[in-house]
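All values derive from a computational prediction rather than experimental measurement. Note on naming: letters A, B, ... go to the chains in the order of the sequence lines (proteins, then strands), and numbering restarts at 1 for each one.
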2 protein chains.
Amino acid sequence: MSADGYRLEEQIGFLLRRAHQRATAIFAARFAGYGLTPTQFAALAKIADEGEVSQNRLGRLTAMDPATMKGVIGRLSERGLIAGRADQEDRRRTQWRLTEAGSALLARARSDGFGVTDETLEPLSPRERATLLRLLGKII
Amino acid sequence: MSADGYRLEEQIGFLLRRAHQRATAIFAARFAGYGLTPTQFAALAKIADEGEVSQNRLGRLTAMDPATMKGVIGRLSERGLIAGRADQEDRRRTQWRLTEAGSALLARARSDGFGVTDETLEPLSPRERATLLRLLGKII
DNA sequence: CAAAAATTGTTTGTACACGAACAATATTTC
DNA sequence: GAAATATTGTTCGTGTACAAACAATTTTTG
């Protein structure tokens, strides 16, 4: 153990990294059949909510850097799950929406999203689950 | 909003990703002068605790994949912060320890580690902080 | 209106993160 | 002791994550 009492296991960053790793692993297992990563699924779900959305705005809604967003958009677009069109009002923008294929895939995958949260929170009581979500919400 | 009530903002994975992003940003700001990433700092701290440790064991202690660990070890080693020696008893292993430079850097940086946790948890009361750490510990 | 500032999106470079396949070496099992 | 199994570490490929520098376009300000 460290001389001055620094314990890695008690640092919030380390705990968040490990918890996120576990959540990601559970997601990967449940979404293996869809070939979607957590960020790709988040992007699809948000595009569905918005109907049509620009790349930058989608990045803000899903908490992704513009550079990261570009990669995610590119992969979804290559797979034909989303399609973009040039915005007439602002020529810097591209507006993105779900394709038929994207909509169909999201419809099938969506219910599994709840399963991921349920399995990740399985060690906690209902009350503890609500507390954890609330406290995480406060430190974001 | 989604037709079937799926709200991205209430999914544990999304919350963990965002919370981790914030903790990482705070870490980056406070550790800018040291040129250390969270994982590199975690590795240094654990090597210090252990005295000497193999790559695989260090990976388990810091929750890193062997492939990830290899990259982290490589960068710390290139900077001369750690040094490895071949294990006589098990010829597959390399044992890693801090160099003088690594030890000195860690000594300077260590106290800032507490600052990262403090700033990240700043929106919470002391009681809430303890609860969050406890609940995160349960879902890892 | 013209200059300044902000926004949108791209590119490059560095650093995790992990699955999969692999070689070398140790350990276990029969 | 030989075969089966496990462990240690490497390499490759894909996918986040973000800083920094940049071009194009739009909005704000004086």
- [ ] Could you tell me the separation between the CD atom of A/Gln88 and the P atom of D/dT25, rounded to a whole number of Å?
- [x] 14 Å
Task: N/O (side chain, A/Arg92) to phosphate O (OP1/OP2, D/dA23) under 4.0 Å - done: no
- [ ] Could you check A/Thr24 against B/Arg91 and say which one's nearest nucleotide on DNA chain C is further toward the 5' end?
- [x] A/Thr24
- [ ] Grab the CE-C1' distance between A/Met69 and D/dA17 for me, whole Å please.
- [x] 12 Å
Open item on the list: At less than 4.0 Å, is any side-chain N or O atom of B/Lys70 found next to OP1 or OP2 of D/dT10? Yes or no.
Closed with: yes
Open item on the list: Of the options C/dA17, D/dG9, D/dT16, whose atoms approach the side-chain atoms of B/Arg93 most closely?
Closed with: D/dG9
TODO: May I ask you to verify if any side-chain N or O of A/Arg60 is less than 4.0 angstrom from the OP1 or OP2 atom of C/dT8?
DONE: yes
TODO: Please determine if a side-chain N or O atom of B/Ser54 lies less than 4.0 Å away from the OP1 or OP2 oxygen of D/dT8.
DONE: no
TODO: Spell out, as yes or no, whether a donor-acceptor pair under 3.5 Å connects the side chain of B/Arg17 to the backbone of A/His20.
DONE: no
TODO: Determine: side-chain N/O of A/Arg75 to OP1/OP2 of D/dT16, distance under 4.0 Å, yes or no.
DONE: yes
Open item on the list: Please confirm whether the shortest side-chain N or O distance from A/Gln55 to OP1 or OP2 of C/dT10 is below 4.0 Å.
Closed with: yes
TODO: Ignoring the backbone of B/Thr37, work out which of C/dC16, D/dT26, C/dA17 is nearest its side chain.
DONE: C/dC16
Open item on the list: Can you tell me which residue among B/Leu81, B/Leu98, B/Leu106 is in a side-chain contact (heavy atoms from CB on, under 4.5 Å) with B/Ile47?
Closed with: B/Leu98
Open item on the list: Regarding A/Arg57 and A/Asp49, does a basic nitrogen lie under 4.0 Å from an acidic carboxylate oxygen?
Closed with: no
- [ ] Determine the contact category for B/Thr39: base if any of its heavy atoms lies under 4.0 Å from a base atom, sugar-phosphate if only primed atoms, P, OP1 or OP2 are that close, otherwise nothing.
- [x] sugar-phosphate
Open item on the list: Taking the minimum atom-to-atom distance to the side chain of B/Ala67, which one of C/dA26, C/dG19, D/dT10 wins?
Closed with: C/dG19
TODO: Check the distance between C/dA6's P and A/Asn56's CG and give it to me in whole angstrom.
DONE: 16 Å
Task: Whole-Å distance separating the CZ atom of A/Phe31 from the C1' atom of C/dC18 - done: 18 Å
TODO: Report the residue (B/Pro66 or A/Ala63) whose heavy-atom-nearest nucleotide on DNA chain D is the more 5′ of the two.
DONE: B/Pro66
Task: Spacing of B/Glu89 atom CD relative to C/dT27 atom P, expressed in whole Å - done: 9 Å
Task: Backbone N/O of A/Asp87 and side chain of A/Arg93: donor-acceptor pair under 3.5 Å - done: no
Task: Residue A/Asp90, side-chain atoms from C-beta onward, closest of C/dT10, D/dT25, C/dT25 - done: D/dT25
- [ ] Look at the side-chain N and O atoms of B/Gln40 and state whether any lies under 4.0 Å from the OP1 or OP2 oxygen of C/dC16.
- [x] yes
TODO: Starting from C1' on C/dG9, measure out to CD1 on A/Ile73 and report it in whole angstrom.
DONE: 11 Å
Task: Whole-Å gap separating P (C/dA15) and CZ (A/Arg17) - done: 16 Å
Task: Whether B/Phe31 and B/Tyr34 hold their rings parallel, tilted or perpendicular, with breakpoints at 30° and 60° - done: perpendicular
Open item on the list: Could you check whether B/Glu9 pairs with B/Arg18 (Lys NZ or Arg NE/NH1/NH2 to Asp/Glu carboxylate O, under 4.0 Å)?
Closed with: no
TODO: Starting at atom CZ of A/Arg85, determine the distance to atom P of C/dG9, rounded to an integer number of angstrom.
DONE: 12 Å
